[in-house]
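Each chain gets a letter, A, B and so on, in the order its sequence line appears, and its residues count up from 1.
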2 protein chains.
Amino acid sequence: MGVTKHDSYTAEQNRIAALCKVLGHPARIAILQKLLATDCCICRDFTDEIDLAQPTISRHLQELKAAGLIAGTIEGTSVSYCINPERWREVWTVLQSFLSVGTEGITSCCDVAAEQEQSK
Amino acid sequence: MGVTKHDSYTAEQNRIAALCKVLGHPARIAILQKLLATDCCICRDFTDEIDLAQPTISRHLQELKAAGLIAGTIEGTSVSYCINPERWREVWTVLQSFLSVGTEGITSCCDVAAEQEQSK
DNA sequence: TGCTTATATAGCAATATTACGATTAATCAG
DNA sequence: CTGATTAATCGTAATATTGCTATATAAGCA
């Protein structure tokens, strides 16, 4: 079916999943890394640097924009993109609260080593 | 085409993206949250708690297992799953190093507020 | 106005993902 | 051994994602 049953989950679960989904493509990670490295504002440099057709890059940019992670402003013929700092910190907070739960004090009840051996 | 061009990206970009992709589904987040909350080891409680058919749950479990996030050991008729603590901490580290880059000191060059207004 | 550049959108094809019902495999109780 | 229970796998259908080419849009320049 390919359609996720969002109604069955909590708002938080959907929020985390939606966020991770957007981050779940290397091209979008590459875009974000570049924006973070250049502090802000680039434009069609992505097309030069990433081995994807211009429309495909544009699509990924729109997806990041829809998720609120980046913003773009038109500057003459080109478009400047940058990280949305507020949202970026929010992402950090959301994921941190999820991930940090088990950072300390988790003891595995299963034999993880044996399990990993098994799956080879 | 639906096929991602992994060759075009760095190992790190692919690693982050692959990880986020696994986390990009609410059912898998729900599973992980439950495992984190119960510290470890449950089994078919997922089927009771999550509104998905048993084979679908099983699939999600296999995906989490393939990503190394959880481990499962057979205990009689049932299977006990638990977080792989080592891998979990690794996830934490990988995502932290990516996300924390812009947590401080990012100044938006674009007018984010105007941008968000625009997209309404 | 017409040409060039930069970006977005439309349309399409291929592959991936999600989810289901049916079936299989394996263990336990009797 | 038989039946019940638990979980994984198979086969299938629907939808989503990725990425391309072709086209549209919009701004700047001659």
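- Within a 6.0 Å sphere centred on CD of A:Glu86, heavy atoms belonging to other residues, nucleotides or ligands number 12 at most.
- Of the residues in residues 18-29 of chain A, those lying under 4.0 Å from DNA chain D by heavy-atom distance are A:Lys21, A:His25, A:Arg28.
- Taking the side chain to side chain contact (heavy atoms under 4.5 Å, CB included) definition, one finds that B:Val22 meets it with B:Arg28, B:Leu64, B:Ala67, B:Leu69, sequence neighbours left out.
- Listed by chain and residue number, nothing satisfies the side chain to side chain contact (heavy atoms under 4.5 Å, CB included) test with B:Thr77 (two or more places apart in sequence, or in another chain).
- Atom C1' of nucleotide C:dA19 and atom CG of B:Leu61 are separated by 14 Å, given to the nearest angstrom.
- At whole-Å resolution of the value, CG in B:Asp51 and C1' in C:dC20 are 12 Å apart.
- One finds a side-chain N or O of A:Tyr81 lying less than 4.0 angstrom from the OP1 or OP2 phosphate oxygen of C:dA8.
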Exercise for review: Do nucleotides 24-30 of chain C as a string where each nucleotide becomes B, S or -: B if the base has a protein heavy atom under 4.0 Å, S if just the sugar-phosphate does, - if no protein is that close.
Suggested key: ---BS--
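- With sequence neighbours left out, B:Asp48 forms a salt bridge (charged side-chain N to carboxylate O under 4.0 Å, His left out) with B:Arg44.
- Applying the salt bridge (charged side-chain N to carboxylate O under 4.0 Å, His left out) test to A:Glu49 and every residue at least two apart in sequence or in another chain returns A:Lys34.
- Looking at B:Lys5, its side chain does come within 3.5 Å of a backbone N or O of A:Asp51 through a donor-acceptor pair.
- Atom CG in A:Leu52 sits roughly 16 Å away from atom C1' in C:dT7 (whole-Å rounding).
- For A:Glu90, the salt bridge (charged side-chain N to carboxylate O under 4.0 Å, His left out) partners two or more places apart in sequence, or in a different chain, are A:Arg87.
- Rounded to a whole Å, the CD1 atom of B:Ile50 is 14 Å from the P atom of C:dT18.
- Positionally, the nearest nucleotide of DNA chain C for A:Thr47 lies more toward the 5' end than for the other of B:Thr4 and A:Thr47.
- Note: NZ (A:Lys5) to P (C:dA19) measures 7 Å, nearest angstrom.
- DNA chain D is contacted by both A:Glu63 and A:Val3; A:Val3 maps to the nucleotide lying nearer its 5′ end (nearest heavy atom per residue).
- Near DNA chain C, defined here as any heavy-atom distance below 4.0 Å, the residues from residues 53-60 of chain A are A:Gln54, A:Pro55, A:Ser58, A:Arg59, listed numerically.
- Evaluation of the salt bridge (charged side-chain N to carboxylate O under 4.0 Å, His left out) rule for B:Arg59 yields no partner, not counting sequence neighbours.
- Atom CD1 in A:Ile31 sits about 10 Å away from atom P in D:dG19, given to the nearest Å.
- Among residues two or more places apart in sequence or in another chain, the side chain to side chain contact (heavy atoms under 4.5 Å, CB included) test is passed with B:Ala27 by A:Tyr9, B:His25, B:Leu52, B:His60.
- Rounded to whole angstrom, the span from the CG atom of B:Asp7 across to the C1' atom of D:dG19 amounts to 15 Å.
- Between A:Ile70 atom CD1 and C:dT7 atom C1' there is a gap of 13 Å when expressed in whole angstrom units.
- For A:Thr93, there are no side chain to side chain contact (heavy atoms under 4.5 Å, CB included) partners at least two apart in sequence or on another chain.
- Considering only residues two or more places apart in sequence or on other chains, B:Ser78 meets the side-chain hydrogen bond (donor to acceptor under 3.5 Å, both in side chains) condition with none of them.
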